[in-house]
Structures are given as structure tokens and as C-alpha cells.
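Single-structure report; data block below.
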There are 2 protein chains.
Amino acid sequence: MMRPGAKQYVVARPLYSEESFAEEHEKIYRQRKTIRDHVIQYFTCDTKRAKNAALSLLPIIGWLKSYQIKEWLLSDIVSGVSTGLVAVLQGLAYCLLASLPPWYGLFSAFFPVIIYFFLGTSRHISVGPFPVLCLMIGSVVTRLVPDEGPAAFNTSKFEGLTQDEQRVLVASSVTLLVGIMQLAMGLLQVGFVVMYLSDTLVSGFSTAAAIHILVSQLKFVLGLQVPGISGPFSILYTLEIIFNKITSTNVCDVVISLVIIVVVFIVKELNDRFKSKLPVPIPIEVIMTVIACGVSYGFDFKTRYGVDTVGFIPKGYEPPIAPNMDIIQETAMEAFPMAIVGFAVAFSVAKVYSIKHDYTIDGNQELIAFGVSNIFGASFRSFAVSTALSRSAVQESTGGKTQVAGLLSAIIVMIVTVAIGFLLDPLPKSVLGAVVVVNLKGMLMQFREVPYLWKKDKPDCMVWLATCTAAIFLGLDLGLAVGLGAELISVILRVQFPRCSVLANIAGTDIYKDRKDYISIYEPEGVKIFRIPSPIFFANIDFFRNKLVEAVGFSPLRVLRKRNKALRTIRKLLKKGDLQWTSRGFVNTSCKSAIMESDDGNDMEELDRPNDFKDLPVRIDWNAELPANIVVPRVELHSLILDFAAVSFLDISALKGLKTMLQELIRVEIDIYIVACDPYILEKLHDCSFFDDEVQPSIFFLTLHDAMLHILESHPEANKAHNEKILTTVTVHYPGGNMRSRDKSAPDQTKF
Amino acid sequence: MMRPGAKQYVVARPLYSEESFAEEHEKIYRQRKTIRDHVIQYFTCDTKRAKNAALSLLPIIGWLKSYQIKEWLLSDIVSGVSTGLVAVLQGLAYCLLASLPPWYGLFSAFFPVIIYFFLGTSRHISVGPFPVLCLMIGSVVTRLVPDEGPAAFNTSKFEGLTQDEQRVLVASSVTLLVGIMQLAMGLLQVGFVVMYLSDTLVSGFSTAAAIHILVSQLKFVLGLQVPGISGPFSILYTLEIIFNKITSTNVCDVVISLVIIVVVFIVKELNDRFKSKLPVPIPIEVIMTVIACGVSYGFDFKTRYGVDTVGFIPKGYEPPIAPNMDIIQETAMEAFPMAIVGFAVAFSVAKVYSIKHDYTIDGNQELIAFGVSNIFGASFRSFAVSTALSRSAVQESTGGKTQVAGLLSAIIVMIVTVAIGFLLDPLPKSVLGAVVVVNLKGMLMQFREVPYLWKKDKPDCMVWLATCTAAIFLGLDLGLAVGLGAELISVILRVQFPRCSVLANIAGTDIYKDRKDYISIYEPEGVKIFRIPSPIFFANIDFFRNKLVEAVGFSPLRVLRKRNKALRTIRKLLKKGDLQWTSRGFVNTSCKSAIMESDDGNDMEELDRPNDFKDLPVRIDWNAELPANIVVPRVELHSLILDFAAVSFLDISALKGLKTMLQELIRVEIDIYIVACDPYILEKLHDCSFFDDEVQPSIFFLTLHDAMLHILESHPEANKAHNEKILTTVTVHYPGGNMRSRDKSAPDQTKF
């Protein structure tokens, strides 16, 4: 079948089983590290390690030493000021999501940034309020301190506090808990957990978050009074209230919002389109806010149109606050997803910039940095922070080189807090709402992924939909849990139900393919090749067993029992003299047909043992005619090859199941071969005393073709016709058109 | 290297890439079923399907038709009577676990059995109370109706009911819910979920259950009054109370219990040892109970020693009861694990017997059978049932052939209920407790699995320990959830962190093995073979990326950027005239060294594009000396082979990650080859438009050796030395010791 002139694949080597290969090629003994070694290594301490650890705990030492003042400082200042303006605006806006008075958002854009400056490893992210996290805080805050009625939660600490003070206490307690969790995860070096948040999960989750944010901002955009609701299905209740109140919409708020949304949207599009031509993107949100602030002040929107404004912003900072243990206990279940989400978002944004600018970030150090930032922030009444994609983009695109820019942005925020906060007094809340809404575009556009995912990968699409639906209706924390569950189950299902196939030889080659896929294939009689295309573990061992029984066409256990019953009957007949052993074989001396024993259940176990011919004059050939008209199902199969190339692990259940499977097959006199087995699996089988008198290590062969050649050698008569087919592998077409063929069974006549 | 006389492996065929193979061997077009086809097929209905469905819904029709009265009836009667006696005893004993008055256990051993007789597919299991399930019911019962103080849960239905009546109402409501859940799962055909309960999980879980049962029986064995406690850590609180009260132990109870435990234990051991010689195991528990009953009556233990006895058993049945919706709502979270555990245990016992006696059971029909049994039972005040291993063993070992034996055992139970229940009045509860305790031996012995598992498979051992610890301390329902989580995570972790390896050729063969494992291996210069030994998905794509970068020794992205920067510098120098292109190559006309541009961040994206030589006079050879002293990291690698043999699936994240990885490598002029890729994955890659101008389908080769030969052919100069090594594959030692060698590059001079 070879084309003249085509490149050739020619191999001649000994036939290898795993054992013969191991004999000829000695393996180098490699000392494996035990768990003990790892532990010792982990806790070994020398000067260098201690120094490295100290350096990695304070990354600022590293980058500040190499700070290029001339080249970087100017960019950092420009970037810091721009980011600072955005941070002020976003601080106020996102604070509305957290159901807290706006100026606490300014605190959150200040205190954590200071700590991150010292501890963070990313040079480009802008630490501060993150809308999704704010929303999650808002959900806890409104659960414990609802808008209407008394606090749903009783603690002595709430006495004598106003509603806003109660809320700040709740927010800062939760933030402290989030910080402690992040710090603990960082110290335990478990930063890798974020890898379980796949792109699909994050996309579905953040789309749901965008919808939540949109709904929560509707009340500001429409100028309505809507109580914050939390818990499953809160989004439906909120929408219900909004639609009930829709008639009392404040038209002035709607107009302001629409103008802002349209203008910001258009200018952002232009920013995007003329990215390369603009030195710095137009800070349209800041401009619009300043204009809106001026207009609102000039026309006195607050009293004239009843517009809800930011109002009085107290000058300066408030004294530190002690967390409340009752609140911490009550909110533990909600703080954990916040800790995960906050870190995951910051880390993924940081990773993008670290790849872009070619430096390394350290997940565990990031966890520590955010943990300490949140703990520190919580003491000063700020709420849990992460990073906002849009703000980080501003910091990076305006030329920020290091966290010096972050520090400067914090200083801008501080200036607003301590000096010019009063200027923001007339700013309508609807402006802030509109700014939040217009920034949702990117997150909402992720809906476009759904048809794409559905076309490409249905399980992934189901994960997206499950995460998004659950997060919308059950809330973000439960939604995250559901999404994680769906994702893990999707992996399990993929591993669990793979497509098994029966392989056959592509004539004239050493290649084996699915027999259903090709025409010119050869299957030697009595040989089956079964490919197991995935790891085997507790959840799919039965699946494979069934598939294998289907592939071989009979249940080995049933055949074994029938044979053992037949043997018992033969023994009985021999004893009674109804059957006699002569040189011509068994001879019936009675004309009665033998009656097979009925299934009386008590000696079932005996029937599962291997056939025992010890008191019989001859081994019985089960595929020949049996004496006394005994009928036992014929088994045409003599060899079964299991292709383990894609089996990447086996667990204990799989080991047991596999062994039973092999034993049953071996007991009905089928030769089993396992090929292309991973060396680690082979090692594990040896360690777990998988082998015994029946299941022997000699069943392992290096490749499928090795096993097949071995089978053809040991069953030459049965595979006469096929033998030739396989052996024409050593046939080559020469350009002249001559064809020479050689039979491998006569190797010493061959000349190469 | 071949041993004379050894079996040979000789292959000569064209060299195949996936494309050339597909050209020569046409694939048969197979119509794949779409989801729509499956749905249509599922809902298609014809007479045959309808008939089959009806038959499978009422399995009794099937087996009753073929009932062999002569041979089976006697065994069934014997078995039924023995099982009935055990069922009475276990009914009373296990009822104590459920914190209900003992006679309700008799109801539970009667009503559900009747339904199972009609609907069940197993012929050997004895349906009725199952200790673990009883314990789970008991935990709900004591949570809602504690021993001391008022009901913890307010419902108007509780008014006017005694504590026991309240408890029965709770138990029957929960049972109804369990039944509904099981029925729903059966109708939805999700019986396969039990395969997630691996042997390891079940072993850990049932060991924990045994400990719970032991602790809960201590109060009966010691004759103490201990309130039932439920919820996390209840076992610790219970033990605390027991130890506090230990001084008020009833000595009579302790003596009775010890006698029973010792005698029953010894006789059971004897039963086991002389299994083959005894026609029927000695029903020692029944005998001891009868004796204890008589002694207690004769010596009036109740009044004389204050022994707590079973007491008055009302004659006959009680009227049906309506479930309470409030309770159902309150207990939904606890009913689900009960539904799963109850079914899983029954199904696994049934499966053992079905394999032993060679008939099929149907998981979904079993779910329906248990669902209906529980719904029916709940109406008649029985509690949730499953099967007890010990009772089923009695039914099978005494010769039970069909559920006729089960029906007879129910009739025995009924006789006790309606006629001779009063005989059990003086039976001390400590006897029942002792019987329960002695039956825990098997379950507790499972602790011996721990060291075995630790030695064989550490992740499995961790799952066992996690399940067992969580189930002991957090309670059985939460423990089951924790166990399931641990189990799924263990699978994910196994798939996620496999051992990657770099392969090398075993000299003179087509075999490739881990280069660290063998001495006589050859690695052609500039070629790396990287084996990915597991499926690739969102959680390990980064892991593989890092491993690959580690294996090739450089980050392709970083090299690409350096090269692009160098290109830019060269262009600038050419423009300025500091560099000129002559026939001898680039010539520096200025003596200054070129200054590489600094990293200004804004055009980073451009640096990630492929090298663009379009306005340069020549393509630059990056590994040669560069003009103007520009230094770019040298890349020795020219070809990289990825072995995909064990990659059983790819998800969308992996697809994206893989593509980026390949692009980065291709852009630094490394030829990528992917070998042994699963046909389904290849198909998926085509479907998902994985290929473009850079990543082409021609990179796929059938086997590692095909790719290697192709590489050696295209890089002959670089691999001169090695070429010979690989090509001596066509070298054979003849017995005479002559050795003839042939170079594959001159195939037309060869004679076979």
C-alpha cells in the first residue's frame, strides 16, 4: 500500500512485553521523595530561605530598590492623579451598592491602598471598591440592618447607633472577617484555589452580578425609594417593588441619568475607537460628574426637583471601630465567597498586566496583601476591597509603572476627604447610578458567549447557564457555590462517560483504529482490542465493565458458571458410568441426555472458581462438541487486548473492579493483554499486590502491535489468513513496481 | 540490540501524519445522533415499548409467571419464617435508634414489604428497618421533638398530641418525603447517582454510622436516661451526658447486655466457622431474646431491678395518618440524604445477590419500589425503610428464592403485631440494645481498611478519613455531603496534577520513554518530546503551560518580545544608516553599540505579534550572531512534539490555552507536532475553529515515531549523529553475528 517515493516508516526490533523490555533496558533507580521528605524540606530553614521569605513578604523592598526615578516618576504622577479622580467617583458610586453612606467609599479607596503599596506584588492594579464585592456587602448589610423596621439581628452593640452607624459596623465586621480569611489562605499557601474559577464560571457569575448591579441601581436612576432586600429571589422582590412604585419616578433623575448614560457611552466608544490617536483616554465620567455637580448646585436640583443628592460629606476621617463578634459569627458563611471573589478578580486582573509587562506576581502574597489591606481598612471603617477592571485600566493606560501611582491616587482621594468633599454635596445620586450602569456594558455583553459556548462545548455552556441562573436568582454567594459544583460535576461527567471503542488493525501497518471508522481494516479471528479512553475510577468502573461485556459479546461469569455446571454433570455421569473416557474421547454409554443441575443457590460460590479438571481424564475443550449433549455457550474469543494508552490513573475501586474483570476473563480461558500502560500505573499495580497466580505481570505489552504480534505467534493456526495480512507489513513497493514479500516466521532467511 | 531467536517486531509502512493517513484511508461517514434524536427516541412510544415499560414497572408479573412452586415454595416458606423472626427482633431494636416506641418498628417491617413484593426487582433482599436510616430519622425526630422541654418546632398539628404521637407524626412525614424523593428520582431515571457513592465513601460513612449507633445504644445497655441530641457534635454532647450519669448505671441492664453480647458474639463466630456444616445458621439472637424475655418475666426485672422494658405493645394497627406540610418543609434538607442512603444500601446489597444468583436488577425500578413502599408505609405510621445486610443474609442463606419469602416474613411480623405482641412486654430494652451492638462488629471492623488504604492509595484514604470524621462529628447527613465533596475533589486533583514527563527515544526502536528513567536513550538535538498524561481542562491548563515552559527551558513569549525589540532596533539603525546590508551580511557603519529600546509599555501588544521581516533585506537568523551587538536569547529547540495519547478530553478553556501556547511557540519558529491525538478531540478542534494560518492541522501525526522521523527528515544536518541511531532500527543481528545496516534515506537500494 505504499506510495513510491513517499517517506517511509521502517522499524525492526525485538517484540517487547513490559517484562522483556525491562530485562533488556534497565531502569535507572530514582529515589522518590516521600511525604516526610517534602515536609522536612518545607520546614527546613536557612539564611537564604529566610531572606527570600522576608523579601517575598515585603515586595516593596524589591521594586523600590530598582525604581527608576527619572523615567518612571512622571508617568506615575500622571497616572496617580487620573486614577485618583476615577477612584473618588467610583468610591462614591460603588458605595451605593453596599447600601452605605457615600463617603465610606472614599475611605475604602484610601486605607487599603496604603497597605497594598507595601505588600502587593502587582504594579498596575488599582486597589479599591469593586462593584460585585460591594453588592455582596450590601446584601449582608441589608439583611442584618434592613431599611424598614428594626434590625433583623439583635446585638447589644447596635444600641444607641443610628441605622447608618449600624450598617457601617456590619460592613466593617464583615470586611475584617474577609481579611482574616484571605490572610489565612495566603499563609496556608492555598492561593491556587482560584484556578477552579474557570473562565466560564467567572463569565457566568459576573454576568449575573451585572444584572444584580443593574437592578440595584435602578432605584437611583429612577429616583425611587426601594428598600434593600437580600437572600434568594431578592432580585424578583426588588423588581416587583420597583414596578409597583414606577409611577412615582422622579423625571429629573431619569433625565440626568439618561443624558449621562448616553454621553458617557458615546465618548467611551470614541475612546476605544481612537485609542491609538489619543494620548490619554478622555476622562468623561469625571467631566460629566463635575458638570452635573455644577448644574445641580446652580439650579438647586435638590430642593427644586426633589433629587436625592450625595449630601453632606463630613470632613476628615472617623475614629477606628472595633468589630463585633456577633456579626462576625452571623456572617461567616457570606464572608467566604466574598474573600474568594475579591481575591480572584484582583488576581486575574493582576495576572493580565503581569503577562503584558513581563513580571511575576505571587498568588499567595497577593492573598496576604489583600488580607492585611482588608483587616487594616476594616479598622478604619472601609469595606472589603479588590480592584475594578475599569480603574486599573485607567491606571495602566495613563502610564502607571508601579504602585507609586496607586499611592498617589490614594492621596488624591485623601484630599477630597479632608478638604474638598463639600464640593460633592449637590451631586445627584442618579449621576452615580448612571456611571455604574454605563460601566456594566462589558459584563452584560458576556451574554454573547452563550451561543458560542453552546456550539463549541455543551457541558461548558451548561456550567455557564447554571452559574448565571443560580447567581441571579439565588444570590451571588449561593450562585458561586452552585457554579463551582456544576463545574466539578462537568469534569467528573466528562471523565466518567467517555466513548469506548473496539479497535482493529489498519491492514499492512502497525496502526489500530476504531473498527467502525474504516473499511480496509483487519481483525484476526478470536482477538478483540478494547480501548479505554479515560481514567478509571469508582464512578466509571461499572460503565467500562458493561461496555467490555458488550464488546466481547458474552458475560464471562455466566459462561464460567455454565462450564462449571457442565463439569459437575460430567463428573456425575462418569461416576455413574453413563459416560466413559476412551481413546476416542468421551463415549456416552447411556442413551439419556444429561440433565443439567438446577440452580440451587447454595454452591454458587463454587461455580465462580476456575474450572478444575483434576479428577477428569482430560481437559475439556469447551468449544468442541461436549459429551452427553451438554451445551455450554461457545466462546469464539481467545485473546483480548485492553488499550490503556489513555488511562491516566486508577483508584482502589477501579483496581478491584479491574482485577475481578480480568479474573473472570482468564477463568474462561481468554488471554488478556494490557498495552501502553503508564509506568506509574504499572508501578502502582505492583505496589498494591494486584498480581497473583491468575493475573500475571506478563500480560503487559509495550504497544498494541507488540501484543498483536505475540498473539498471532501463539495462535498461528487460527489466524492463518490474517497472519499474512499483518505480516505484509514488511512489504515495500519499489519505484520499479516490483513487490517482494517476506514471511516473518522465517526470519533467518531474511536479508536487509 | 536484538537477541538472536527472539521474536521480532518488523514494520515498514509510509510515514503518516493525520492528514496523509486520512487521505489514504477514507473514514466511513457515521451519522451522529444529535440531542434532538435522543429526545425523539426517548419519547417515541410503540406497543412493544409500552408493554416493556409496564412489565418493568410491575416486575412481579415477570417472576411470578415463572415461579416454580414445587422447587421454590418450601425454601421460601422456611426462609420467610426465619426472616420474620429476625425482622420482629430487629424491628423492635432498630426502632430504639429512631427514638420511637418499639412497635412502630413492627409496622415498618410490614407495610413497605407488601409494596416491595409487587414492585421490587431484587428477589433476595429483606426490606425493612435499616439501622443507619433509623438513626437519621431519630436525629430529625429528636431535633423537632426533644426529650425534654417543649417541641422545638411549632406547628398547630402538634397540639393535643403526646410526645410519642408527635414523634410518630414527624417520622411519618419525613418518611413520606423520602418516598416522594425516591419515587421522583426513579421516574427521572437518575438511579445512576449511587455510583458516586464509592466503596471507600460507603465504608467510611458506615463506620461512622456504626459509632453513632454504638453511642446511641449505650444508654439502653447501661440503663440510663439520656435525651436524644441531634445536630453537629451531638455525639460529643451525648457522650458527655453519659459520662456524667455513669454512676447511676443499672447493673442488671449491664449484666444482661454483657451476657447477650458475649453469647451472641461467640455463636455468630461459630456460625461463621461451621458455615458449611450447619444446614441453617443458629438464630442465636432470636433464641437469646426469647430466653431473656422469659427470665425477665419470671423474675420480674421491671419492678425488682428497675429495668426499662419494651412495655405494652398495642394490639393491631393504628389508623392511617396524614403528613404535616410544616414538618415536610422543615426537614427537606435532611430527607434527601436519607433517600440517597436508604436506596444506595438496598441497591448495593441487591446487586451482590443479583450477581451471585445471576439475574438483573433495575436501579430506577428499585428507586420507584422503595419510593412507593415508603409513601405507603408513611401513611400507616411506619418509618423510612431500606434493607439490613444481616436480615437479607438470613433470608438468602436460609434458602429464600423470591420475594414470596419477604411476604411471609411480613406475615410473621403481622402475627406478632395483631396477636402475640403482649409476649414481648417484659423484654428489657437492654437486650435490644445488646443485639444492635453485637451486629455492629462488621461495620466497625472496617477501621482495618485505613492502614491498607493508606499504603495503597493515599487520596482514597483521605476520602475515607474525611467522610468518617465528618460523619462522626457533624452528623450523618452533613458527613455524607462532606464525603461526596472530598471524593469529587480527589478525582479532580488526580486529573489535575499528573506527572508530566519529557520523553526520549530508546535507541534502535520506535519506543519513547521518560528520559530520566533509562540510560540508553537518544534525544536528537533541538527536539523535545513532552508528554501530557491526563485530560486538559480549566484547572490544569496553567499547570501544563508552566511545566512545558520548564521543559523547553525558556518562555516563548519573552523570547518573541526580545526578538521584536531587536527587529525594531535594527530597523531604526538601518534608517539612520548606522547599519547597512551588504552581500556579506549586516555591517555596522557606526562603532556605537545599539541601545535596545526601553520597555515603555504602550506598544507591548505589538511585541506579541509574529516577527515581521517585510521591510528588511533578509530574514534574520536568531541563533546566529546579530548585528550591532544586539543580544537575543538563543533558542536551541527547533521542534517540539506533544504526546497527546493520554489526553482524553479538552474543554474550552484548555482549547484557548493550548492555542495561545502553540501560537507563542510557532512565533519563535519552533515546529510543533501533536501526536496520538484522540479522533474525537481532533474532530472537536476542527469544529471549534482551532486552526488558522499559524496553527495548522498538518501538525498532527499518527504516532510519536512518525513525527520524529518527519522531523529528522526535515532537519537532516542538525541530527546527523542521531539520525543514524534512529535509522539503525532497520538493523538486525543474525544468529551468525553479522550485522547489516541500512540507511533509510536511500530506500531504493534496499532489498528485503
Side-chain angles (χ1 to χ4, degrees), chain A residues 2-3 6-15 25 27-28 195-196 198-199 356-358 456-457 460 488 491-492 494 498-499 506 509-511 517-518 533-534 537-539 542 558 601 604 645-646 648-649 651-653 680 688 702 706 709 713 729-730 732 734-735 740 742 744 747-748 752, chain B residues 2-3 6-15 25 27-28 195-196 198-199 356-358 456-457 460 488 491-492 494 498-499 506 509-511 517-519 533-534 537-539 542 558 601 604 645-646 648-649 651-653 680 688 702 706 709 713 729-730 732 735 740 742 744 747-748 752:
Chain A
M2 291 195 191
R3 287 171 307 173
K7 292 184 218 160
Q8 300 296 312
Y9 175 109
V10 184
V11 168
R13 59 166 173 87
L15 198 158
H25 299 84
K27 227 172 166 172
I28 300 170
M195 71 168 76
Y196 292 109
S198 69
D199 293 351
K356 189 166 170 191
H357 294 279
D358 198 19
K456 302 274 164 98
D457 198 74
D460 252 22
L488 295 188
V491 174
I492 301 275
R494 278 184 221 248
R499 294 172 175 145
I506 300 285
T509 70
D510 58 339
I511 295 165
D517 274 347
Y518 294 92
S534 89
F537 60 109
F538 62 87
D542 281 343
R558 203 170 292 178
M604 290 304 281
S648 43
F649 69 83
D651 73 352
I652 284 281
S653 308
Y680 291 110
C688 292
L702 271 198
D706 280 293
L709 290 178
E713 201 116 4
T729 46
V730 216
V732 180
Y734 296 110
R740 281 169 161 254
R742 185 177 71 84
K744 206 184 104 273
D748 19 21
F752 278 97
Chain B
M2 291 195 188
R3 286 174 307 175
K7 292 185 216 158
Q8 299 298 311
Y9 175 108
V10 184
V11 168
R13 60 166 173 86
L15 198 158
H25 299 84
K27 224 169 166 175
I28 300 170
M195 70 168 78
Y196 292 109
S198 69
D199 293 352
K356 187 167 173 190
H357 294 279
D358 198 18
K456 302 275 164 98
D457 197 73
D460 252 23
L488 295 188
V491 174
I492 301 274
R494 278 183 220 249
R499 293 175 175 143
I506 299 286
T509 69
D510 59 339
I511 295 166
D517 274 346
Y518 294 92
I519 312 163
S534 90
F537 61 108
F538 63 88
D542 281 341
R558 203 170 294 178
M604 288 306 280
S648 44
F649 69 84
D651 74 352
I652 285 281
S653 308
Y680 290 110
C688 292
L702 272 197
D706 281 297
L709 291 177
E713 201 115 5
T729 45
V730 216
V732 181
R740 284 172 158 250
R742 183 177 73 81
K744 205 183 106 271
D748 19 21
F752 279 95

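As a basis for the values below, the full set of heavy atoms in this structure was taken, side chains included, without hydrogen atoms, waters or symmetry mates.
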Check your understanding: So, B/Asp651 side chain and B/Phe538 main chain: donor-acceptor pair closer than 3.5 Å or not?
Key -> yes

Exercise for review: Flag the one option from B/Ala646, B/Pro533, B/Ser648, B/Cys688 with the top tally of heavy-atom pairs under 4.5 Å to chain A.
Suggested key: B/Cys688

Review point. Quick one: are A/Thr509 and A/Tyr9 in side-chain contact, heavy atoms under 4.5 Å?
Key: no

Check your understanding: So which heavy atom on A/Ser653 is nearest to which on B/Ser198, and how close?
Key -> OG-CB, 4.4 Å

Point to revise | Part of A/Asp460 lying under 4.5 Å from any heavy atom of chain B | key: side chain

Study note, to complete from the structure: The salt bridge (Lys or Arg N to Asp or Glu O under 4.0 Å) partners of A/Asp706 (sequence neighbours excluded) come to A/Arg13

Review point. B/Phe537 versus chain A, heavy atoms under 4.5 Å apart: side chain, backbone, both or neither?
Key: side chain

Review point. Given a strict heavy-atom distance threshold of 4.5 Å, which part of A/Asp542 is in contact with chain B: side chain, backbone, both, or neither?
Key: side chain

Review point. For A/Leu702, is it the side chain, the backbone, both, or neither that has a heavy atom closer than 4.5 Å to a heavy atom of chain B?
Key: side chain

Review point. Do you know which of B/Asp199, B/Ile519, B/Leu488, B/Val491 has the most heavy-atom pairs with chain A at a distance under 4.5 angstrom?
Key: B/Val491

Study note, to complete from the structure: Between A/Asp457 and A/Arg494 the two heavy atoms that sit nearest each other are OD2-NH2, 2.9 Å

Point to revise | A/Phe649 versus chain B, the contacting section by heavy-atom distance below 4.5 Å | key: side chain

Exercise for review: Not counting sequence neighbours, which residues clear side chain to side chain contact (heavy atoms under 4.5 Å, CB included) with A/Arg499? List them please.
Suggested key: B/Tyr680

